[in-house]
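Reminder, nothing fancy here: chain letters follow the sequence lines and each chain counts from 1.
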2 protein chains.
Amino acid sequence: MYTIGQVSEMFGLPVSTLRYYDREGLFPGMERSSGIRRFGEKELEALRVIECLKKSGMEIRDIKQFMEWCARGSETYPLRRELFLRQKDLVEAEIQRMNRVLDMIRYKCWYYEQAVRDGNEERLALMRPEDMPEEIKRAYENAHEK
Amino acid sequence: MYTIGQVSEMFGLPVSTLRYYDREGLFPGMERSSGIRRFGEKELEALRVIECLKKSGMEIRDIKQFMEWCARGSETYPLRRELFLRQKDLVEAEIQRMNRVLDMIRYKCWYYEQAVRDGNEERLALMRPEDMPEEIKRAYENAHEK
DNA sequence: CCTTGACCTAAAGTTAGGTTTAGGTCTTAT
DNA sequence: ATAAGACCTAAACCTAACTTTAGGTCAAGG
């Protein structure tokens, strides 16, 4: 069992954030001894999941919902499975989106490389995808399509 | 030349958002005819870049900085190139992070699939990575390492 | 003529996810 | 005995990125 300060250290999260999570109901049924929070293995695993779901873009209130399902036991396994399946689709879509953004940025890196060399954008203004290097053309078209 | 309403349609952005962007200085030197904004090709390209940079996680004030560099002309090519190079690293790191999150979620999908079948978590509680299917073991270890 | 609809501004309001503040308790080291 | 250092709460504050509101201009259609 750990104190809030120890958990803060372990996860690199401010104490105030851990208290905020608790206030928001992300640790349902957490123990206390004379008012002081006691983080057990259950809460540590909860925190790992919280970090993962947060990075996946889920909001606190939905994470709370999930934690409540966990507290309810085996009857909610299907709900939890559906949640992760939905989240998987969302994250896969997000990664695809980011790859398109990355291609746009790669194109811009190349563009300004040329602009720096030329000293102006005249040549670039006239350039069509087929005049670009293969790799850049690919990035340009992926970034601009649809 | 387009009105704010036409641009709103074209980009699927609320008119209020376009006005907000303008207020924040994202269209330096945009024309007006008797008070009414006139969006030209310059502003449309600016908007495409704004969408890209926003998705890459850049804040409005930094996008404004970039737009001011664009307005200043060829002397700022190096600054703009550096900006995109930095942004490229950031997005690449973000994609890596998302892939780890995705592996954690894949593991959880599998986990709850098993839990639903078993009706409890007893078997899962005893399971070590080497007992997991190859693909899941990989995801689990990628998601939990470091 | 007068109403509708697109445009405008300034300013206030909203939301998420925290952080900070102010005041209090408890334990431990000097 | 007192001062430092963890812990606690409630409530106020913060920031980014919008959105909403309230009030106004102007052109076209019935």
**Q** Taking all heavy atoms of B:R38 and all of B:S33, pick out the closest pair and write down the distance.
**A**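 In terms of heavy atoms, the two residues are closest at CD-OG, 3.2 Å.
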**Q** Are the ring centres of A:F84 and B:Y111 closer than 6.0 Å?
**A**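 Aromatic pair excluded; centres sit 6.0 Å or further apart.
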**Q** Taking all non-hydrogen atoms of both residues, which atom of A:P28 and which atom of A:M67 are closest, and how far apart?
**A**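 Heavy atoms of A:P28 and A:M67 come nearest at CG-O, 3.6 Å.
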**Q** Does B:K137 pair with B:E130 as a salt bridge, N-O distance under 4.0 Å?
**A**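 Answer for the salt bridge query: no.
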**Q** Could you tell me whether B:E94 and B:K55 have a side-chain N and a carboxylate O separated by less than 4.0 Å?
**A**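 Between B:K55 and B:E94 there is no salt bridge, as every charged N stays at least 4.0 Å from the carboxylate O atoms.
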**Q** Could you tell me whether B:R48 and B:E51 make a salt bridge, using a distance below 4.0 angstrom between a side-chain N and a carboxylate O?
**A**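 Result for this pair is no, no salt bridge flagged.
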**Q** Mind listing the residues from residues 28-39 of chain B sitting with a heavy atom below 4.0 Å of DNA chain C? Number order is fine.
**A**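 Only B:R32, B:G35, B:I36, B:R37 qualify.
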**Q** Output all residues satisfying side-chain hydrogen bond (donor to acceptor under 3.5 Å, both in side chains) with B:R123, sequence neighbours left out; order by chain, then residue number.
**A**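 side-chain hydrogen bond (donor to acceptor under 3.5 Å, both in side chains) list for B:R123, sorted by chain: B:Q114, B:D118.
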**Q** Find every protein N or O atom lying less than 3.5 Å from an N or O atom of nucleotides 25-28 of chain C, and list the pairs.
**A**
none

**Q** Write down the distance between CD (A:E24) and C1' (C:dT15), rounded to a whole number of angstrom.
**A**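 Value for this atom pair: 12 Å.
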**Q** Who pairs with A:R138 by side-chain hydrogen bond (donor to acceptor under 3.5 Å, both in side chains), at least two apart in sequence or on another chain?
**A**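 side-chain hydrogen bond (donor to acceptor under 3.5 Å, both in side chains) check on A:R138 returns A:D103, A:E135.
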**Q** Between C1' on C:dA6 and CG on B:L18, what's the gap in Å once rounded to a whole number?
**A**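 In whole Å, C:dA6 C1' and B:L18 CG are 14 Å from each other.
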**Q** Is there a donor-acceptor pair under 3.5 Å between the side chain of B:Q6 and the backbone N or O of B:T3?
**A**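 Yes, because the side chain of B:Q6 sits within donor-acceptor range (under 3.5 Å) of the backbone of B:T3.
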**Q** Are the ring centres of A:F39 and A:Y2 closer than 6.0 Å?
**A**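 Ring centres of A:Y2 and A:F39 not closer than 6.0 Å.
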**Q** Expressed in angstrom and rounded to an integer, what is the separation of A:I50 atom CD1 from C:dA16 atom C1'?
**A**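 Distance check: A:I50 CD1 to C:dA16 C1' gives 16 Å.
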**Q** Using 30° and 60° as the class boundaries, would you call the ring planes of A:F66 and A:W69 parallel, tilted or perpendicular?
**A**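 If you compare the ring of A:F66 with that of A:W69, the planes turn out perpendicular.
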**Q** Look at B:E45 together with B:K42 and state whether they make a salt bridge at an N to O cut-off of under 4.0 Å.
**A**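 Looking at B:K42 together with B:E45, the answer is no, because their closest N to O distance does not fall below 4.0 Å.
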**Q** What pair of heavy atoms forms the shortest contact from A:V101 to B:C52, and how long is it?
**A**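 Closest approach of A:V101 to B:C52, heavy atoms only: CG1-O, 3.8 Å.
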**Q** Could you list all N or O pairs between the protein and nucleotides 17-20 of chain C that sit under 3.5 Å apart?
**A**
residue	atom	partner	partner atom	Å
C:dG17	OP2	A:I60	N	3.4
C:dG18	OP2	A:Y21	OH	3.2
C:dG18	OP2	A:K54	NZ	2.9
C:dT19	OP2	A:S16	OG	3.2
C:dT19	OP2	A:T17	OG1	2.3
C:dT19	O4	A:R23	NH2	3.4

**Q** Quick one: how far along DNA chain D does chain A reach, first to last nucleotide 5' to 3', anything under 4.0 Å to a heavy atom?
**A**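 Nucleotide range with atoms under 4.0 Å of chain A: D:dC7 to D:dT9.
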